[in-house]
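Since the structure is predicted, the reported quantities are computational estimates derived from the model, not experimental observations. Side chains included, hydrogens not; waters and symmetry mates left out as well; all remaining heavy atoms used. Letters A, B, ... are given to chains in the order of the sequence lines, protein chains preceding strands, and every chain is numbered from 1.
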Number of protein chains: 2
Amino acid sequence: MAREKKNVTVAAPPVKSGRRATSYDVARIAGVSQSMVSRCFAPGGSIAPDKRDRILKVATELGYRPNALAQGLISGRTNMVAVLISSLTNRYYPEVLDELSRRLTERDIRVLLFSLTAESEVDAVLDQVWRHSVDGVISAARLSDPQIRLFDEHNVPLVLYNRTASTASAASVCCDSTSGERDLVERLLEARHKRFAIIAGPEDSYVGEERRVAALARLAEAGIKDVPVVRGDFSYDSGRAGLHALARGKMPDAVICASDQMAIGAMDAARIDLGIPIPKALSIVGFDGSGPASWASYELTSIRQPVRRMTEAAVAMLMERIEDGDTPAERRMFAGELLRGGSARIG
Amino acid sequence: MAREKKNVTVAAPPVKSGRRATSYDVARIAGVSQSMVSRCFAPGGSIAPDKRDRILKVATELGYRPNALAQGLISGRTNMVAVLISSLTNRYYPEVLDELSRRLTERDIRVLLFSLTAESEVDAVLDQVWRHSVDGVISAARLSDPQIRLFDEHNVPLVLYNRTASTASAASVCCDSTSGERDLVERLLEARHKRFAIIAGPEDSYVGEERRVAALARLAEAGIKDVPVVRGDFSYDSGRAGLHALARGKMPDAVICASDQMAIGAMDAARIDLGIPIPKALSIVGFDGSGPASWASYELTSIRQPVRRMTEAAVAMLMERIEDGDTPAERRMFAGELLRGGSARIG
DNA sequence: TTGAAAGCGTTACCAA
DNA sequence: TTGGTAACGCTTTCAA
């Protein structure tokens, strides 16, 4: 039935049946050269006003649009940026992706999305990235040092989001997990919590490990050792299971979670499954500060990542490197904001 | 410092300084024609085994990869699919996007992501879609009938996700809001709820309106009219505000929400802000059934959309239309599954 | 099986 | 300001 419509299409019939109009078609009908049509659509193309009008008129009639592939092929710029996200992690990434996508669109850049499942997929993804000649890449997925170096070889600008390269140098923007985590621990210490426990992220998560290490370090400074650590995968279920695991040992009075989702799972486990009053008998803190953290049922004490500023910075850094390939590596670190919720007994 | 690394790069130096290796480079070094290199990387290209090996060896050394732009330009296939999502709506879309992206990647298709903010952006997005010669489009954003017809004109296959075209015909996959909503209402009626109220979505949301209309229709059949309706934007906050608005009138004993997020907001408003016991004094039902709906603090009664089957169907339908442009319009409707949570007093 | 040559639809460069 | 012509890197005939 869709086919039927084609015969009664209202728009002006294309130059050749079914084919998409090209700059040649426009040139021919407007009585100018093809180069002129090209210049007419280019930013600073020199062209007489009357011709420009004529060309634009014809172009509109024919529904002409420059072919992005041909443009990219010849000019070396595709106006596409690849965004790499490891989906299985934190559910706070949708917000990041949304912000990134919005900001890139504002700058007339398209997003080629790669949502990674397993570590092993990275090489395949990078292969596609090279093939498609994107102008740059923003990666919120973990890349190995050799992988990061490939970007240099291929001359593709890269900005890491909440990751850092260990030996290779790369542009990156991140939220300061260390100071955030220390902040949380200090508040808990001030409020005289004694028995700490941690629900960490998976071992292969960069931010997860950073947060675990930072919390443990600050606790050690306060003379607190032998802190029980269980691992989750940033999900609600794993947080809930994590608290159950901790409860089988000596019950802590403060649980530090590597993500809000896990903290929320832990709260539900404590309050609902085990009947432990929060924050009276148990304080729980998270990290990220997005969405559900501030829902009235949880009011999580957490560190809010400044997602808007971070995404803005990531995009700005990338654009800078796309315009000027020699911009040196730089790391922009943003402090998180303490979210004082009711899930922890702090001052 | 990144620059410094370039001198000690381990990979074989490209043919010309800094330039990406082309099929000509490979051909020259392997001592064959360029066409042969092309065929070597094509699916069914006829080529002698020994030459194939030699070419592949050289290609690996040079780090050669076919240029996707050139391929797309000449062959007419880009192996890219555009995914349109209206981000401001439901937070249940990240799950959909993730599934779609995964399934497309499995089929060796790249995702060009367009995350829409305002209705007005659609035309600009479509413009980009045409320019980039994507092989097809999956849209979870609302498209007008004229916009849908453009796909026919441009010969670009389209599959609508949880939307339908009113007059234009298009392929679509959706969750049956009507039967889902009727199901919920019937359970509530059976449990002798009397005073119903609705927290609907925004007027310009297709699914939102469908759900509102379906619920009202079923209530009308039961002789229940004058059902108060307040509108939200699918967000937690709007659900919470919605319940407060309803509470200012005669207190209902059943609130039907157009999304889980709003239902959760409404639950928090009722239990925490107003001290109304749930489900004892008030039943609340949602729609979507993803993520937070099943968190222990809420245990929402809702309709779970079969996201996996729906995304699988959407991708399959799209691929079918990409392979064969004459596949007729088809609509696949999936029934949702009743989620019996503790948020509603039903049998 | 192989290679030469003709595009694909642009931009970039250079004379005019 | 113009238009001709050479790329860009590939796929696709078509003869050999």
Side-chain angles (χ1 to χ4, degrees), chain A residues 14-16 18-55 59 62-80 130-135 154-155, chain B residues 14-16 18-55 58-59 62-80 128 130-135 154-155:
Chain A
V15 178
K16 271 189 182 176
R19 229 192 66 243
R20 192 170 145 184
T22 72
S23 54
Y24 275 101
D25 298 326
V26 177
R28 186 162 35 77
I29 297 182
V32 297
S33 75
Q34 181 272 336
S35 335
M36 195 161 197
V37 177
S38 174
R39 262 172 295 155
C40 181
F41 284 85
S46 60
I47 185 174
D50 59 324
K51 312 242 173 184
R52 141 160 284 139
D53 293 346
R54 195 154 82 234
I55 292 176
L62 297 185
Y64 167 75
R65 285 175 189 76
N67 182 320
L69 288 109
Q71 282 181 316
L73 187 55
I74 187 72
S75 72
R77 274 201 60 161
T78 52
N79 292 317
M80 290 198 306
W130 313 139
R131 283 168 127 91
H132 284 273
S133 327
V134 297
D135 294 337
H154 288 259
N155 269 312
Chain B
V15 178
K16 271 190 184 174
R19 228 192 68 244
R20 192 169 145 184
T22 72
S23 54
Y24 276 100
D25 298 326
V26 177
R28 186 163 33 78
I29 297 182
V32 297
S33 74
Q34 181 271 337
S35 341
M36 196 163 202
V37 177
S38 173
R39 261 172 318 199
C40 181
F41 283 85
S46 60
I47 184 174
D50 58 324
K51 312 241 173 183
R52 138 159 286 137
D53 293 345
R54 196 154 82 236
I55 292 175
V58 174
L62 297 185
Y64 166 75
R65 285 176 188 77
N67 181 319
L69 276 65
Q71 280 182 317
L73 188 55
I74 187 75
S75 72
R77 275 203 58 163
T78 52
N79 292 318
M80 290 198 307
Q128 292 299 331
W130 314 139
R131 282 169 129 92
H132 283 273
S133 328
V134 297
D135 294 338
H154 289 258
N155 269 313

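Comparing D:dG3, C:dT2, D:dC10 by their nearest atom to the side chain of B:Ile74 picks out D:dC10. The side chain of B:Ala70 approaches D:dG9 more closely than any other nucleotide in the set C:dG9, D:dG9, D:dG3. Of the candidate nucleotides C:dG3, D:dC8, D:dG3, D:dG3 has the atom nearest to the side chain of A:Arg39. When each of D:dC10, C:dC8, C:dT1 is scored by its nearest atom to the side-chain atoms of B:Gln34, the top-ranked nucleotide is D:dC10.
Projected onto DNA chain C by closest heavy-atom contact, B:Ala48 and A:Pro66 fall at different nucleotides, the more 5' of which corresponds to B:Ala48. Summary of the strand contacts: B:Leu73 and B:Tyr24 both lie near DNA chain C, and taking for each the nucleotide with the nearest heavy atom, the more 5' one is attributed to B:Tyr24. Remark on DNA chain D: of its neighbouring residues B:Val37 and A:Val32, the 5'-side contact belongs to A:Val32, judged by nearest-heavy-atom nucleotide.
In terms of polar N and O atoms assigned as donor or acceptor, the side chain of A:Ser35 comes within less than 3.5 Å of the base of D:dG4 in a complementary pairing. Between the side chain of B:Arg131 and the base of C:dG9 there is no donor-acceptor pair of N/O atoms closer than 3.5 Å.
The shortest distance between the side-chain N/O atoms of A:Ser46 and the OP1/OP2 oxygens of D:dT1 is below 4.0 Å. B:Ser33 has no side-chain polar atom (N or O) that falls below the 4.0 Å cut-off from OP1 or OP2 of C:dA4. Put simply, A:Ser75 has no side-chain N or O that comes within less than 4.0 Å of OP1 or OP2 on C:dT11. Within the 4.0 Å cut-off from OP1 or OP2 of C:dT11, at least one side-chain nitrogen or oxygen of A:Ser38 is found. Between B:Lys51 and the phosphate of C:dT1, there is no side-chain N or O to OP1/OP2 separation shorter than 4.0 Å. Between B:Gln71 and D:dC10 there is no side-chain polar atom (N or O) within less than 4.0 angstrom of OP1 or OP2.
Distance A:Met36 CE to C:dA12 P: 17 Å, rounded to the nearest Å. Note: OH (B:Tyr64) to C1' (D:dG9) measures 8 Å, nearest angstrom. In this entry the distance linking NE2 of B:His132 with P of C:dC8 reads 21 Å, nearest Å. The separation between A:Arg20 atom CZ and C:dG7 atom P is 20 Å, rounded to whole Å. For B:Asn67 and C:dG9, the CG to P distance is 16 Å, given to the nearest whole Å. A:Arg28 places its CZ atom 13 Å from the P atom of C:dG9, with the value rounded to the nearest Å. We find that CZ of A:Arg54 is positioned 16 Å from P of D:dT1, with the value rounded to whole Å.
As judged by a 4.0 angstrom heavy-atom cut-off over every strand, A:Phe41 is placed among residues making no nucleic acid contact. Contact annotation for B:Arg65: backbone-only contact, meaning every heavy-atom pair under 4.0 Å involves sugar-phosphate atoms and none involves a base. Contacts of A:Ile47 with the nucleic acid, taken as non-hydrogen atoms under 4.0 Å apart, involve only primed sugar atoms and P, OP1 or OP2.
Relative ring orientation between B:Trp130 and B:His154 is described as parallel, the plane-to-plane angle staying below 30° on a 0-90° scale split at 30° and 60°.
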What do the steps show when you test A:Met36 against A:Ile47 for side-chain contact (heavy atoms from CB on, under 4.5 Å), and what is the final call? CA-CA 7 Å; A:Met36 195 161 197; A:Ile47 185 174; 3.7 Å; yes
So B:Asp25 and B:Arg20, salt bridge (charged side-chain N to carboxylate O under 4.0 Å, His left out) or not? Walk me through it. CA-CA 9 Å; B:Asp25 298 326; B:Arg20 192 169 145 184; over 6 Å; no
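Judged by distance alone, the side chain of A:Ser23 and the main-chain N or O of A:Val37 form no donor-acceptor pair under 3.5 Å. Side-chain N or O atoms of A:Arg52 include one that pairs as donor or acceptor with a backbone N or O of A:Cys40 at under 3.5 Å. In this structure a side-chain-to-backbone donor-acceptor pair under 3.5 Å is missing from A:Asp135 to A:Arg77.
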